[in-house]
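Note sheet for the following structure.
Chain identifiers are assigned alphabetically (A, B, ...) following the order of the sequence lines, protein sequences preceding nucleic acid strands; residue numbering begins at 1 within each chain. Please read these numbers as outputs of a predicted model, since none were measured by experiment.
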2 protein chains.
Amino acid sequence: MTLHHADNDAERPSDEVDRLVAAWRQERPDLDVEPLQVLSRVSRLARHLDRARRAAFAEHHLENWEFDVLTALRRAGEPYELSPGALLRATLVTSGTMTNRIDRLTAAGLVRRRPDPEDRRGVLVSLTDAGRARVDNAFADLLRRERDLLAGLGKHEQQALSGLLRTLLVPFDATDTGAH
Amino acid sequence: MTLHHADNDAERPSDEVDRLVAAWRQERPDLDVEPLQVLSRVSRLARHLDRARRAAFAEHHLENWEFDVLTALRRAGEPYELSPGALLRATLVTSGTMTNRIDRLTAAGLVRRRPDPEDRRGVLVSLTDAGRARVDNAFADLLRRERDLLAGLGKHEQQALSGLLRTLLVPFDATDTGAH
DNA sequence: TCTATCTGTCTTGACATCGAGATACTGTGT
DNA sequence: ACACAGTATCTCGATGTCAAGACAGATAGA
C-alpha cells in the first residue's frame with residue numbers, strides 16, 4: 001500500500017516516528033498527522049539528548065541541572081555572577097526550583113551567594129574557582145560528544161537544520177516572558 | 001563585530017540560541033560551538049512544546065503523561081490493549097513510573113486492567129470508552145495546534161526538517177532498547 | 001511622608017519520576 | 001521432576017520540580 005505517492009518510499013532507514021505515523025494513518029485515516037513528523041521527532045530527540053548528556057556529565061560528577069546553571073554563569077563572563085532571577089529566566093525553571101538548585105550548588109562548593117549591594121532584596125550568585133573548572137571541562141567534553149551525534153549530517157545540512165529550527169523557535173523566544 | 005564572516009548576518013530574526021552561541025564565542029573563542037546551533041535548539045524547542053501541549057490538554061482535562069499512555073493504546077488499534085511492558089517501551093519511562101500511571105488512569109476510569117489469560121505473570125491494559133473519547137478529542141486538538149506552530153514553514157521545508165531529524169534519530173532508535 | 005503596588009527571593013506541600021529490589025511466573029535444559 | 005536463568009509487574013524510598021504564597025525591600029504617586 002501507499003503506492004499512490006512515491007514520496008516516502010525507497011529504502012530510507014526509518015525511525016520510531018515513521019512507525020508511529022504509520023500506525024496513526026491506519027487508525028485515523030481521517031486526520032492529517034504530518035505535524036508529528038516534525039514535532040514528535042523534536043520531542044523524542046530531546047529525550048535521547050537528555051540521556052546522552054547525563055552520561056557525558058557523569059564522568060565530571062555533574063548532573064544535567066547543575067550543568068545548566070553553571071553554564072549560564074560561565075557564559076555571563078567575568079565575574080561570572082548573575083541574580084537568581086536571571087538564572088531562572090536562562091534555564092526555564094521556576095523560582096522555587098532555582099532556589100533549591102542554588103542551595104545544592106552552594107553546598108557542593110561550585111557557586112557562592114552574596115547579597116546584592118545595590119538591592120537589598122536581591123542576591124548575586126557567582127561561580128567559585130572549582131565551579132568554573134568543572135564547567136569548563138564538562139563543556140568541552142559535551143561539545144565533543146555532540147559533534148559525534150551530528151556526524152551523520154554534513155556542514156550544510158547542519159546549517160539548514162539549525163535554520164529551520166530557528167524559524168520554529170523565534171515565536172517562542174519573542175513572546176515568551178519565561179517561567180515564574 | 002563578527003564582520004569577518006558574513007555567515008550569520010543579514011537581518012534574520014534571531015532566537016535565544018543565537019544569543020547563547022554569541023556569548024560562548026565571546027567567552028570561549030577557542031571552542032567550536034557549532035553543535036549547539038542544532039542541539040540546543042532541539043532541547044529548547046522540546047521544552048516549549050511540552051508547555052504548549054500542557055495548555056492544549058488542560059481543556060480536555062488531561063495531563064501530558066496521561067495523553068502519552070492513552071495515545072499508545074489508541075494507536076495499537078482494536079481492542080486498544082497492550083501490556084505494561086509494551087507501554088513503557090512506547091513512552092520511554094521506567095516500569096515503576098508506568099505502574100503508577102496505570103494506577104492513576106484506572107482510578108480516573110480511562111483505562112482498565114485485566115490479567116493476561118496467556119501469561120499469568122502478566123497484565124493487559126485497555127482503553128475504556130471514556131478513555132477513547134478523551135484521547136480522540138485531545139489528539140485532534142493537538143494536531144490543530146501543532147499545525148499552527150509549523151505555519152512558519154512551507155510543506156517542503158517541513159519535509160526537509162523531518163528528514164534531517166530522522167537522520168539524527170535513527171541511531172538512537174536502532175541501538176536503544178528502551179528504559180527499564 | 002505615607003501608602004499602594006510591584007519585584008525578587010525563599011518556603012512549603014503535593015506530586016511525578018527514577019532506580020533498585022521484591023515477587024511471581026515461564027520456559028529450558030538436565 | 002527439578003533447578004536456574006529470564007521475564008513481567010509491582011513496591012518502596014529518595015529526589016527534583018512545580019504552583020502558590022509569604023515576606024522584605026523598592027518604587028511611584030498623592
Around B:Arg120, counting heavy atoms of other residues, nucleotides and ligands shown, do more than 12 lie under 6.0 Å from its CZ? no
For B:Arg113, answer base if it contacts any base atom (sugar-phosphate contacts may also be present), sugar-phosphate if it contacts only those atoms, and nothing otherwise; contact means non-hydrogen atoms under 4.0 Å. sugar-phosphate
Hey, could you give me the CZ/CD1 distance between B:Arg112 and B:Ile102, rounded to the nearest 0.5 Å? 14.0 Å
Under the salt bridge (charged side-chain N to carboxylate O under 4.0 Å, His left out) test against A:Glu59, which residue among A:Arg54, A:Arg53, A:Arg145, A:Arg134 passes? A:Arg145
Atom-pair distance (CD on B:Glu63; C1' on D:dT17), nearest Å: 14 Å
Taking for each residue the nucleotide of DNA chain C bearing the nearest heavy atom, is the 5' side occupied by B:Asn100 or by A:Thr99? A:Thr99
Along DNA chain D (nearest heavy atom to each residue), the more 5'-positioned of B:Gly122 and A:Arg120: B:Gly122
How is A:Arg104 classified with respect to the nucleic acid when contacts are heavy atoms under 4.0 Å: base, sugar-phosphate, or nothing? sugar-phosphate
Using whole Å, what does the distance between atom C1' of nucleotide C:dG8 and atom CG of A:Leu124 come to? 12 Å
Look up atom CD in A:Glu63 and atom CZ in A:Phe57, then write down how far apart they are to the nearest 0.5 Å. 10.5 Å
Please report the distance, rounded to the nearest Å, between CD1 in B:Ile102 and C1' in D:dA8. 11 Å
We want to know whether B:Ser43 and B:Ser40 form a side-chain donor-acceptor pair, criterion being a heavy-atom distance below 3.5 angstrom. no
On a plain distance test, is the side chain of A:Thr97 in donor-acceptor contact with the base of D:dC18 below 3.5 Å? no
So, under a plain 3.5 Å distance rule, would you say the side chain of B:Arg121 forms a donor-acceptor pair with the base of D:dT7? yes
note: A:Leu88, atom CG; C:dT7, atom P; distance rounded to Å ~ 14 Å
Between P of C:dT9 and CZ of A:Arg114, the distance in whole Å: 13 Å
Separation between CD (B:Glu34) and CZ (B:Arg25), nearest 0.5 Å, reads 5.0 Å
Roughly, in whole Å, what's the span from CH2 in A:Trp65 to C1' in D:dT15? 11 Å
Please state how far atom CD in B:Glu118 lies from atom C1' in C:dT26, giving the value in whole angstrom units. 13 Å
Bend across the helix from C:dT1-D:dA30 to C:dT30-D:dA1, to 10°, with axes taken over 5 pairs at each end? 10°
Once you round it to whole Å, what is the distance between P of C:dC18 and CZ of B:Arg101? 7 Å
Would you call A:Arg144 and A:Asp148 a salt bridge, using N to O less than 4.0 angstrom? no
